[in-house]
Visitor: 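I'd like to ask you about the structure that follows.
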2 protein chains.
Amino acid sequence: MASTPTTAPEFPHHSVSSSGASTPSFSPLYQQIKGLILQSLQAGEWRPGELIPSEMELAARFKVSQGTVRKAIDELAAENLVMRRQGKGTFVATHAAQQVQYRFLKLHPDTGDLQKEGRAQRSILECKRVRASAEVARLLQLKSGDAVIQARRVLTLSGTPTIVEDIWLPGHAFKGLSAEQMGSYQGPTYAMFELEFGVRMVRADEKIRAVLPDEEQAQLLQVSTSTPLLSVERVAYTYNDTPMELRRGIYRTDTHHYRNELS
Amino acid sequence: MASTPTTAPEFPHHSVSSSGASTPSFSPLYQQIKGLILQSLQAGEWRPGELIPSEMELAARFKVSQGTVRKAIDELAAENLVMRRQGKGTFVATHAAQQVQYRFLKLHPDTGDLQKEGRAQRSILECKRVRASAEVARLLQLKSGDAVIQARRVLTLSGTPTIVEDIWLPGHAFKGLSAEQMGSYQGPTYAMFELEFGVRMVRADEKIRAVLPDEEQAQLLQVSTSTPLLSVERVAYTYNDTPMELRRGIYRTDTHHYRNELS
DNA sequence: GAGTGGTCTAGACCACGCG
DNA sequence: GCGTGGTCTAGACCACTCA
């Protein structure tokens with residue numbers, strides 16, 4: 001059925017490669033299926049944590065074989081957008097109730113143990129509506145002067161203030177976000193974003209530098225202004241590579257380190 | 001043929017899950033095939049950059065279907081151990097002649113462009129045979145006092161000394177490594193390790209901190225001792241998770257940053 | 001026992017690289 | 001035109017989960 005479907009498919013099969021075209025112009029079926037599933041995820045047809053239809057059902061819906069759906073889901077699972085569980089089904093990934101508490105936080109305690117040094121204690125210093133500076137606007141793909149929510153908080157690990165973070169969020173998507181909301185929610189902030197605003201962060205880029213703190217940062221972290229600290233600038237993206245958060249964090253690295261695995 | 005092979009296979013098919021056993025004790029065929037291919041890679045049956053047998057040939061050799069070999073190779077490719085090229089074949093991955101010049105170096109220039117700011121200029125300060133300290137021995141899984149090669153070098157990017165690195169290598173595997181050898185080789189040092197010592201680094205762990213340089217480091221990087229710098233401790237591994245290099249780098253981050261992608 | 005994802009197979013055809 | 005990896009299919013059976 002691959003080459004001559006009798007029932008009209010809603011998506012192009014193998015589009016004939018145009019003669020002198022320069023762009024790729026060829027997309028395997030499973031990529032098209034992946035795109036369709038992605039659309040459903042993005043549209044909220046299935047919410048974070050929920051079960052999506054079985055491979056057989058999706059195969060029937062899209063009029064392809066189970067193997068093709070499988071390959072599409074394989075890629076989505078590799079990108080951490082869904083989670084497969086043998087015997088149960090495939091679930092929409094969520095930052096809540098996950099295997100690791102903070103998926104995007106790569107700061108680990110020096111002393112062996114995993115990141116289970118108790119939950120990080122959050123302290124929200126401010127959360128206000130402001131206008132985007134040129135740089136914030138650029139990184140969030142907004143226009144200068146657009147409304148953004150700006151928040152500052154301190155994370156305390158094992159009783160030591162270790163991280164001070166400034167967070168910028170597009171105003172339109174996070175309308176009404178309050179300091180109370182940020183402080184009271186138990187669990188990852190990204191899980192709260194899913195629940196309260198329907199915004200799922202699926203990937204992020206970080207730029208890391210060594211810096212000295214300014215007076216205020218030094219005071220918040222209880223270190224001197226000559227203590228070297230890690231500066232971590234993170235841009236987090238939802239589906240479609242749309243940036244939805246800018247985060248500038250300053251990390252103490254006297255008892256913790258940023259861990260990275262290369263391959 | 002999967003369940004009742006008539007010709008005796010050299011590897012266990014589905015080993016019957018022992019009754020009250022606690023360990024997994026079940027390995028899919030493709031994982032066993034992957035293990036066999038891995039052994040050949042490790043044994044040097046095919047050298048870095050070389051073509052490995054086609055999927056059909058391997059399927060015949062191992063008496064399984066092409067699809068099973070494909071899945072094994074898929075995983076090896078995902079781990080960057082081999083590289084597939086449609087129409088040509090599957091090649092053993094190499095640090096030489098790769099798409100990115102330095103696969104494990106995550107330092108990028110701030111000003112947009114890719115890492116093509118010209119090649120890094122290397123300056124080897126020393127390269128000597130010493131005895132492993134307790135900590136070096138622990139990280140390289142050697143015994144305290146075992147012979148190790150210790151080297152120090154400075155990398156200059158765009159005319160600015162940006163990185164000073166101390167490198168420790170197990171003496172037994174890198175016998176005869178000289179400062180000349182480290183300095184004269186064109187291209188990634190890891191490529192030289194492949195060529196000269198048959199040691200392939202396949203993955204690495206990094207621990208990152210912010211530090212202040214000591215007098216010597218400051219002088220080498222032409223900064224003051226109060227300039228915050230990135231400390232990057234890397235342990236690089238060959239096959240079988242065997243550590244083969246410890247590297248302690250100090251990075252200037254005034255014109256560059258450490259880039260990381262999370263997902 | 002029914003349903004899910006996971007493995008394995010065999011065969012067909014497609015896109016690519018190269019002689 | 002041939003060989004390579006890449007896609008797609010259809011069907012069988014296995015391992016896991018849960019009622």
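Proteins get letters first, then strands, A, B, ... in listed order; numbering begins at 1 in each. All figures in this text were calculated on a predicted structure; none of them were measured in a lab. Atoms considered below: every heavy atom in the structure, side chains included; atoms not considered: hydrogens, waters and symmetry mates.
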Visitor: Whole angstroms only, please: what is the NZ-C1' distance between B/Lys71 and D/dG6?
Guide: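 For the pair B/Lys71 NZ and D/dG6 C1', the rounded distance is 16 Å.
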Visitor: Would you check if there is a donor-acceptor pair between the side chains of B/Gln121 and B/Thr156 at a distance under 3.5 Å?
Guide: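 B/Thr156 vs B/Gln121: no donor-acceptor pair found between side chains.
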Visitor: Please report the distance, rounded to the nearest Å, between CD in B/Gln66 and P in C/dC13.
Guide: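 So the CD-P distance, B/Gln66 to C/dC13, works out to 15 Å.
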Visitor: I want to check a possible cation-pi pair here: A/Arg85 against A/Phe91, using under 6.0 Å from ring centre and within 45° of the ring axis as the test.
Guide: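 Yes; both conditions hold, so A/Arg85 lies above the ring face of A/Phe91.
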Visitor: Could you check how far CE of A/Met83 sits from P of C/dG6, rounded to whole Å?
Guide: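 So the CE-P distance, A/Met83 to C/dG6, works out to 11 Å.
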Visitor: Just by distance, no angles: are the side chains of B/Asn260 and A/Tyr258 close enough, under 3.5 Å, to form a donor-acceptor pair?
Guide: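 Short answer, yes.
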Visitor: Quickly work out the B/Lys63 NZ to C/dA10 P distance and round it to whole Å.
Guide: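 For the pair B/Lys63 NZ and C/dA10 P, the rounded distance is 13 Å.
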Visitor: Which comes earlier along DNA chain D counting from the 5' end, the contact point of A/Ser65 or that of A/Gly87, where each point is its nearest nucleotide?
Guide: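 Its nucleotide being nearer the 5' end, the pick is A/Ser65.
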Visitor: Please name the residue in the list B/Gln181, B/Glu245, B/Arg153, B/Glu194 that meets the side chain to side chain donor-acceptor pair (under 3.5 Å) test with B/Thr189.
Guide: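 With B/Thr189 as partner, B/Gln181, B/Glu245, B/Arg153, B/Glu194 yield a single side chain to side chain donor-acceptor pair (under 3.5 Å), made by B/Arg153.
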Visitor: With respect to the phosphate group of C/dG5, does any side-chain polar atom (N or O) of A/Thr90 fall under 4.0 Å of OP1 or OP2?
Guide: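 Indeed, a polar side-chain atom of A/Thr90 lies that close.
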Visitor: From the set C/dA15, D/dC16, C/dC8, return the single nucleotide nearest to any side-chain atom of B/Gln86.
Guide: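 So the nucleotide nearest the side chain must be C/dA15.
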Visitor: Between B/Gln31 (CD) and C/dC8 (C1'), how many Å, whole number?
Guide: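 Distance check: B/Gln31 CD to C/dC8 C1' gives 14 Å.
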Visitor: In terms of side-chain heavy atoms of A/Tyr30, which of D/dC8, D/dT4, C/dG6 is nearest?
Guide: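 Nearest listed nucleotide: D/dC8.
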Visitor: Heavy atoms from C-beta onward define the side chain here; which of D/dC8, D/dA15, D/dG6 lies closest to that of A/Pro28?
Guide: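 Nearest listed nucleotide: D/dC8.
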Visitor: Counting side-chain heavy atoms from CB outward, which of C/dC8, C/dG5, C/dA15 is closest to A/Arg84?
Guide: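 Nearest to the side-chain atoms of A/Arg84, counting from C-beta on, is C/dG5.
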Visitor: CG of A/Asp74 versus C1' of C/dG5: gap in Å, rounded?
Guide: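 Taking CG of A/Asp74 and C1' of C/dG5, I get 10 Å after rounding.
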Visitor: Can you tell me how far CG of A/Asp205 sits from OH of A/Tyr237, rounded to the nearest 0.5 angstrom?
Guide: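 Rounded to the nearest 0.5 Å, the OH-CG separation comes out at 5.0 Å.
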Visitor: With a non-hydrogen cut-off below 4.0 angstrom, is B/Arg85 in contact with a base, only sugar-phosphate, or nothing?
Guide: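 Sugar-phosphate: the residue B/Arg85, judged by heavy atoms under 4.0 Å, touches backbone atoms but no base.
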Visitor: C/dT7, C/dG17, D/dT9: which one has an atom nearest the side-chain heavy atoms of B/Lys88?
Guide: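 Looking only at heavy atoms from C-beta outward on B/Lys88, the closest nucleotide is C/dG17.
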Visitor: What is the distance, to the nearest angstrom, from the CZ atom on A/Arg70 to the P atom on D/dG6?
Guide: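 Checked: the CZ to P distance equals 19 Å.
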Visitor: Whole angstrom is fine here: how far is it from CD1 in A/Ile33 over to P in D/dG6?
Guide: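 The distance from CD1 of A/Ile33 to P of D/dG6 comes to 20 Å, rounded to the nearest Å.
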